[in-house]
Amino acid sequence: MTGTPHSVRPVHALLSDGRTVEIRPAQPEDHQQVVRLYEKMSAENLRLRFFGASRLSGRMAADRLCAPPRPGHRALIAAHAGQVVGVAEYETAAEPTSAEIALAVADDFHHRGVGTLLLEHLVHAAREDGVTAFTADALADNRLMHKVFADLGLNTARRFDGTEVHCTIRLDPDEHYLTAVDERGRTADTASLRPLLRPRSVAVVGAGTKPGSVGRAVLKNIRRAGFTGRLYAVNPHAHAIEHTPCFPGVTALPDPPDLAVIAVPAHAVPETAESCGKSGVHALVVLTSGLDRGEASALLAVCRRYGMRLAGPNCLGIANTEEPIRLDATFAAHRPLPGTAGVAVQSGGVGIALLGGLSRLGIGVSSFVSLGDKYDVSGNDLLQWWEDDGTTDLALLHLESFGNPRAFSRTARRVARRMPVLTVDAGRSTAGRRAAASHTAAAATPTMTRQALFTQAGVIATRTIGELLDTAALLHSQPLPAGARVAVVSNAGGAAVLAADACAEAGLTVPELPTGLVTDLLGLLPAGASAANPVDATAVVGAEALRACVDRLCEHGAVDAVLVALVPTALAEATGDEPLRALTHSAPEQRSRPVAAVLLDQADRVRLLHTTGGGAVPAYADPQDAARALAHAAARTRWLDRPPGTVPELTGTDPAGARALVDGFLAANPEGGWLDPRQCADLLDRYGIPHLPQAWAETEQEAVEAAACLAGPDGRVVLKAHWPGLLHKSDQAAVVLDLEGPEQIRAAHRDLTARFGTVLTGVLVQPMAKRGTELVAGVVQDEVFGPLVLFGLGGTATELLADHAARLAPLTDRDVHDLITAPRCAPLLFGHRGSGPVDLEGLEQVLLRLSQLASDLPQLAEADLNPVVARPDGVTALDVRIRVLPRHARDPYLRRLR
C-alpha cells in the first residue's frame, strides 16, 4: 500500500446539487485546512463525530488523517473551490481484510452527497488493497450517518450497544450497489446540466460587430428564438449588438450569467473561461475550434476549478425548445422545430442534418447539444438529462468516440427501457485502429466492438443519417410491432414484389396468411385481387376497400405490421378515389399494429402523412428504407421483451491466485508479453476452464516420458513446438499429430528441433483429442471499451470464414445465450441433421469463466482459445495463448468527471 492506486488519484466529481468537488488523497499540507474543517463544526456535529464536543479531537483527527502514507491506511479529501469540505479514511488493524472508517463533512455541505461520494471512492480504494469489509461505530442518534450507510447500497449489518451502533459494511458491490450509484449519479448530473440547458441568463462572449461572425450569428439566433431569460453580449468595441446590451468583459456584466457561449480566438479561450469562472458563470459552450494541447488542458482545468460544465469546444452550440426556455444558442441557419427528440452529436454538420430532418418530419427537438471535441459533457450526460426532462421521448446520438463505454452502456440500458435510443454507427472502418496478431485480436474489429455495445445496451444502431431518420419517423408515429411478420399490401404487383424482397433482406418475414383471413380480405377487395401475401389489391382499389383491408390485417393477429406499397394510377385519378386516402383519412393511432407506406413516386426519402385522426403514417420512397425501419422496430420489441439478464456467480475460481500469477510474470517481464503454455494452463485452472492435459518437455527423452503418461486409449499424442511469440502453429508447421510410440515421438522431436533450432524453447505434449465441433473463444481487452468476449467457428479457418460474435464483459446469462446463438455455425451446436447437441451448459460455463477472468484481470490483453472442441460429453480447449500487459484497473462505474 505504499503507492497511490489508480482509483485515488485526484479526480473531480459531482455533488447532488450539481456542484463539482475534487476527490484526492490527503496530504500533510492539508493539515491546517482539515483542522479548520473541524473548528468550524457546530458543537452538536462534533459530538456526533467524536462522541464528545472537544475541539482537541478535531486536531488529533487531522494529525492522523494528514500523516505521511502508512500501510493499511487511506485518507481522502473532498475539496470545493479550494476548501476542504469533507474527509474520509480507513485503517486496518490485526485483520488486514477489515478496516475501520471515519467520515466528516462540513456543516454547510450536509445533504449534498459529499459523504456518500467519499465513501464510494474509499470503497474502491479499499477493494484494490484487499479490504473486504468496513466497520464503523456511531452514536444511535446520529441519524445522518446511519442514512449515509443505508443509502450507500452495500450490505450493512448493525449491532446496538447502549447509545452506540456498531456497523459492518461488506465491500462486495453488486447490482443493488451499482443501481444506487446510478441514481446518485443521475441526480448530480441532471442538476449540473440545468445552467447549460435551462439557463436563466446567457452571455455571448465574442459577439462580433460584423454580420458574418459566429458570435453574432448565435446572438441573433437566441433573440430570434425568443429566449425568455436575460441576454447579454460581450465585446469591448460595442455598446449594443443585435439590439442586445453589450459589455466590455464578463466581469463587467451586471449579474453573472448561468451560461456563457464563447466565440473568441483559440488563444483567448482559457483566459475568457477564467473570467467566467471568477464571475460565477455555471456553464460554458465553447464554439471555438483549433485549441492546441496547452489551451485545451487549461480550459478544462479552469472548468474543473470553478465547477463549470462545458459543451465543446469546436461545436455548433446548444438548443432547448422547451417552454418557457426557447433557447437557440447555435449558429445553424434554421431554428430547430420544437418537439420531443433529444439530439446529441459530435459533428456540427451531422447536427445540422438531423435538426433539418427532424423539422421536416415534424418530430422536432426537445433539446440539442453539439458535443464537439467532448472535453466534458458527453452522450452519457445527455441520456440522463433526457431521462428526467419530462419532454423527450426519443433520443438520437451521433458519437464518434466513447470516453467511458461501460458507463454509457449501463445508462443506455436504463434509458432505452423508457424511450428508443438511436445512433449512427460512425467509425466502422479499421483505418484508425490496428489489431494484434493473434486470432482473437485480429477478429475483434472496431465495428464488432461497437455493435456489441449497442446490442447489449438496446441502442438502435443505423448505418446512415437517412436510416436513422427513417427509423425515428416510424418509432415516433407508430406502435411497436409484436414480432417480425409483415403483410405487404399493394395496388401494383411489381411494387409488392419489391416490398416483399426488401422485408426478407431486412430479416423480416412475409408469411402466407391463414385461409379464413384470405377469405375475409377477398371479400373486401375488388374482383381479381389476391391475398396470399403480398396482398394484390389491384389497380382499381379505392380508399374505403384498402382501408378495410389494412384494418382487418391489423385486427387479425396473423401479422405484426402492415406495409402498404402504392403507385399512382389513372384509374384512381378518374374516380377521385385515391388509395392513399386509406391511410390519411383514418385513425392509425387506434391500430394496435404499425402501418407504414411505400410511395414509389415520392420525392422525399421519408415523410409523415398526417391523418384526420391527428396521427401520422410514415411514408417512404424506397421499400428498403421502410423495411429496415420496421426491422429496427422489431428488434427493439425483442430487446424490451427479454429479461435484462444477470451476471451469474461462479464457483471454483481463484482470482487472488490468478493475480499473483500475472503479477509474478510482470515482475519478471515489466513490458508484458505472452505467457508460456504452463502459465496459460495454470491461469485457466484457476477459473475452472477445461483444457486438454499437457506436459512440458525440453528434451527428446522428456517428450517420450510425457507421452507415456498422457497418451489416451488409442496411445496417440501430439507435439507442439513453442517459443515466445509463436501464434499460428499450423502456419509454421509447428504441430505434429497422431504420434504413436517412442520412435515416432523421438523422430517428431528431432524434426522440430532441426527446423526451428535455437528459437525452440520446448515442446508441449498432449493426448490426441476426440473429434468434435471446433470453436474459438477469446478475450480482447480494449483500451476504451474494456474486455470483449469473442466466440464463433474455430480451427484453422476461423479468420477466413469470420463467423464470430462478440459481447462486452461482464457477460450476463442473456449475453452468453446471444453469443452462442449468433454465429452462423450455431445450428451445429444445437444438433444438425440428426446429430445431438453439444454440451451447451459446458460451453456457457467456458464463456462465463472467460468473462470473469477478463473482468478480474485488467492486465489480460488478450486470450485465444482455439480450437475449443465441443462434443455432447464436454467442452475442451486444445490450444491456448494469453498475453498480459502492465495495466491498472479502472472502475468504469466510479463517479468522476473526465
Side-chain angles (χ1 to χ4, degrees), residues 340 361-363 393-394 419-420 470-491 496 499-500 502-503 506 508-511 513-514 516-525 529 531 533-537 541-566 577-599 606-620 623 625-638 640-641:
T340 60
L361 287 169
I363 297 174
D393 60 16
L394 190 65
M419 69 181 73
D470 295 339
T471 308
L474 182 78
L475 294 174
H476 174 76
S477 62
Q478 297 294 302
L480 286 175
R485 302 169 302 170
V486 179
V488 175
V489 181
S490 179
N491 66 345
C503 288
L508 303 167
T509 60
V510 183
L513 302 178
L517 178 58
V518 170
T519 300
D520 292 346
L521 296 177
L522 291 178
L524 299 170
L525 296 171
N533 200 16
V535 176
D536 184 355
V541 69
E544 288 301 321
L546 186 61
R547 179 168 58 217
C549 172
V550 171
D551 287 344
R552 183 69 186 111
L553 284 165
C554 288
E555 293 165 359
H556 187 276
V559 295
D560 305 303
V562 179
L563 187 59
V564 183
L566 300 175
D577 193 12
E578 176 61 48
L580 187 60
R581 292 175 56 248
L583 302 178
T584 58
H585 288 254
S586 61
E589 64 275 9
Q590 297 174 0
R591 293 179 177 135
S592 60
R593 289 170 175 79
V595 175
V598 173
L599 308 178
V606 59
R607 60 188 173 118
L608 287 177
L609 305 175
H610 294 283
T611 71
T612 55
V617 173
Y620 303 87
D625 296 338
R628 276 193 293 262
L630 282 170
H632 284 307
R636 173 162 172 76
T637 298
R638 289 194 300 273
L640 288 171
D641 286 346

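Index from 1, following the sequence.
A search for salt bridge (Lys or Arg N to Asp or Glu O under 4.0 Å) contacts involving Asp536 returns nothing, not counting sequence neighbours. With sequence neighbours excluded, the residues forming a salt bridge (Lys or Arg N to Asp or Glu O under 4.0 Å) with Asp625 are Arg605, Arg628, listed by chain and number. For Ala502, the side-chain contact (heavy atoms from CB on, under 4.5 Å) test picks out Pro623, Gln624, Ala627, with sequence neighbours left out. Taking the side-chain contact (heavy atoms from CB on, under 4.5 Å) definition, one finds that Ala635 meets it with Arg638, sequence neighbours left out. In this view, Asp560 and Pro481, Ala482, Arg485 satisfy the side-chain contact (heavy atoms from CB on, under 4.5 Å) rule, not counting sequence neighbours. Contacts of Ala545 classified as side-chain contact (heavy atoms from CB on, under 4.5 Å), with partners at least two apart in sequence or in another chain: Val541.
Nearest heavy atom pair, residue Arg593 against residue Gln478, reads O-OE1, 4.2 Å. Taking each heavy atom of Leu563 and Cys503 in turn, the nearest pair found is CD2-SG, 3.9 Å. A pairwise comparison of heavy atoms in Arg591 and Pro479 identifies O-CG, 3.8 Å as the closest pair. Nearest approach of Leu546 to Ala537, heavy atoms of both residues: CD1-CB, 4.4 Å. Between Thr509 and Pro511, the closest heavy-atom pair is O-CD, 3.4 Å.
Within the 4.5 Å cutoff, no side-chain heavy atoms of Val617 are placed close to those of Leu608. Considering only heavy atoms from C-beta on, Leu480 comes within 4.5 Å of Leu475 through its side chain. Between Asn491 and Val564 there is no side-chain heavy-atom pair separated by less than 4.5 Å.
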Before you tell me yes or no, could you show the steps for Leu630 and Leu508 under side chain to side chain contact (heavy atoms under 4.5 Å, CB included), namely the whole-Å CA-CA distance, both residues' side-chain angles and the distance that decides it to 0.1 Å? CA-CA 8 Å; Leu630 282 170; Leu508 303 167; 3.8 Å; yes
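At least one donor-acceptor pair under 3.5 Å links the side chain of Ser490 to the backbone N or O of Ala565. Checking side-chain atoms of Asn533 against main-chain N and O of Val559 turns up no donor-acceptor pair under 3.5 Å. With hydrogens and angles disregarded, no donor-acceptor distance shorter than 3.5 Å links the side chain of Tyr620 to the backbone of Leu599.
Atom CD in Glu544 sits 11.5 Å away from atom CG in Leu524 (nearest 0.5 Å).
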